[in-house]
Amino acid sequence: MISITAILKSKKENIEQIQSLLNHLVTETRKEAACARYDLHNSENVFIIWEEWKDQEGLDIHNNQSHLKDFIAKSESLVAAPIQVYKTVQIL
């Protein structure tokens with residue numbers, strides 16, 4: 001299992017627009033065969049996506065999906081800082 005945590009900080013004036021884009025991204029990503037978990041969390045204008053993928057091949061396919069590429073392109077001007085993505089390994 002591969003775990004990913006993605007953190008993005010919306011500009012305050014773009015929270016609703018980012019939320020809408022993220023809702024679409026989550027809905028489409030959850031349809032992918034290798035997606036074991038794709039959960040969206042938020043606190044004020046910070047959004048966190050907690051992802052689990054069955055294997056690297058599935059994650060590679062996800063990274064090339066149009067819904068992810070579209071999200072990245074559309075959200076670029078709406079975020080306050082670059083999106084942070086962490087590939088992690090569970091230790092406990």
Side-chain angles (χ1 to χ4, degrees):
M1 193 71 69
I2 298 169
S3 297
I4 304 285
T5 302
I7 302 169
L8 65 104
K9 185 174 184 179
S10 171
K11 293 177 184 172
K12 298 263 186 197
E13 65 272 17
N14 297 326
I15 293 172
E16 289 181 19
Q17 197 171 358
I18 286 284
Q19 176 75 57
S20 177
L21 291 171
L22 283 166
N23 288 347
H24 178 72
L25 175 64
V26 170
T27 299
E28 293 304 309
T29 299
R30 286 179 173 171
K31 296 175 185 176
E32 295 179 44
C35 179
R37 169 179 232 125
Y38 205 84
D39 295 339
L40 178 63
H41 302 259
N42 104 292
S43 176
E44 298 180 16
N45 65 320
V46 176
F47 294 88
I48 300 168
I49 302 172
W50 179 28
E51 311 173 30
E52 289 185 337
W53 296 92
K54 294 178 183 175
D55 53 34
Q56 185 62 50
E57 181 182 3
L59 178 57
D60 291 343
I61 291 169
H62 168 68
N63 287 334
N64 287 299
Q65 292 295 314
S66 62
H67 52 265
L68 178 61
K69 290 182 176 186
D70 288 346
F71 171 79
I72 292 168
K74 290 177 180 176
S75 67
E76 192 172 36
S77 66
L78 305 175
V79 294
I83 299 170
Q84 299 173 305
V85 179
Y86 300 94
K87 185 174 180 180
T88 62
V89 177
Q90 184 173 353
I91 56 175
L92 287 177

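With I49 as the partner, the side-chain contact (heavy atoms from CB on, under 4.5 Å) test is satisfied by one option alone out of D39, T5, L40: L40.
Annotation for T29 and C35: closest pair O-CB, 3.6 Å, computed over non-hydrogen atoms. Contact between E32 and G58 at its shortest, heavy atoms only, is OE1-O, 4.5 Å. Of all heavy-atom pairs spanning V79 and E76, the tightest one is CG2-O, 3.5 Å. For the pair A33 and K54, the tightest heavy-atom approach, listed with the atom from each and the gap, is O-NZ, 3.2 Å.
N63 places no side-chain N or O within 3.5 Å of a backbone atom of Q65 that could act as its donor or acceptor partner. Under the 3.5 Å distance criterion, the side-chain polar atoms of N45 are left unmatched by any main-chain donor or acceptor of I15. For the pair T27 (side chain) and N23 (backbone), a donor-acceptor distance under 3.5 Å is present.
Taking hydrophobic clusters as Ile, Leu, Val, Met, Phe, Trp and Tyr residues chained together by side-chain heavy-atom distances below 4.5 Å, V46 does not share a cluster with V26. Tracing side-chain contacts under 4.5 Å through hydrophobic residues (I, L, V, M, F, W, Y), one reaches L78 starting from V85; they form part of the same cluster.
Side-chain contact annotation: Q17 with K11, donor-acceptor N/O pair under 3.5 Å absent.
Here the straight-line distance linking atom CH2 of W50 with atom OG of S3 works out to 7.5 Å at 0.5 Å rounding. One finds the OG1 atom of T88 at 8.5 Å from the CD atom of E52 (value rounded to the nearest 0.5 Å). How far CD1 of I4 is from NE2 of H62: 8.5 Å, rounded to the nearest 0.5 Å. Interatomic distance, CD1 of I18 versus NZ of K12, reported as 13.5 Å (0.5 Å rounding). Annotation: the span from N14 atom CG to Q19 atom CD amounts to 13.0 Å, rounded to 0.5 Å. Note that the OG atom of S75 and the CD1 atom of I83 stand 4.0 Å from one another [nearest 0.5 Å].
In this pair, W53 and Y38 present their aromatic rings perpendicular. The plane angle is above 60°, beyond the 30 to 60° band.
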Could you walk me through whether L8 and F71 satisfy the side chain to side chain contact (heavy atoms under 4.5 Å, CB included) test, starting with their C-alpha distance in whole Å, then the side-chain angles of each, then the deciding distance to 0.1 Å, before giving a yes or no? CA-CA 12 Å; L8 65 104; F71 171 79; 3.9 Å; yes

Yes or no on side chain to side chain contact (heavy atoms under 4.5 Å, CB included) for K87 and Q56, after CA distance, side-chain angles and deciding distance? CA-CA 11 Å; K87 185 174 180 180; Q56 185 62 50; 2.7 Å; yes

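Environment of CD in E13: crowded, with over 12 heavy atoms of neighbouring residues, nucleotides or ligands closer than 6.0 Å.
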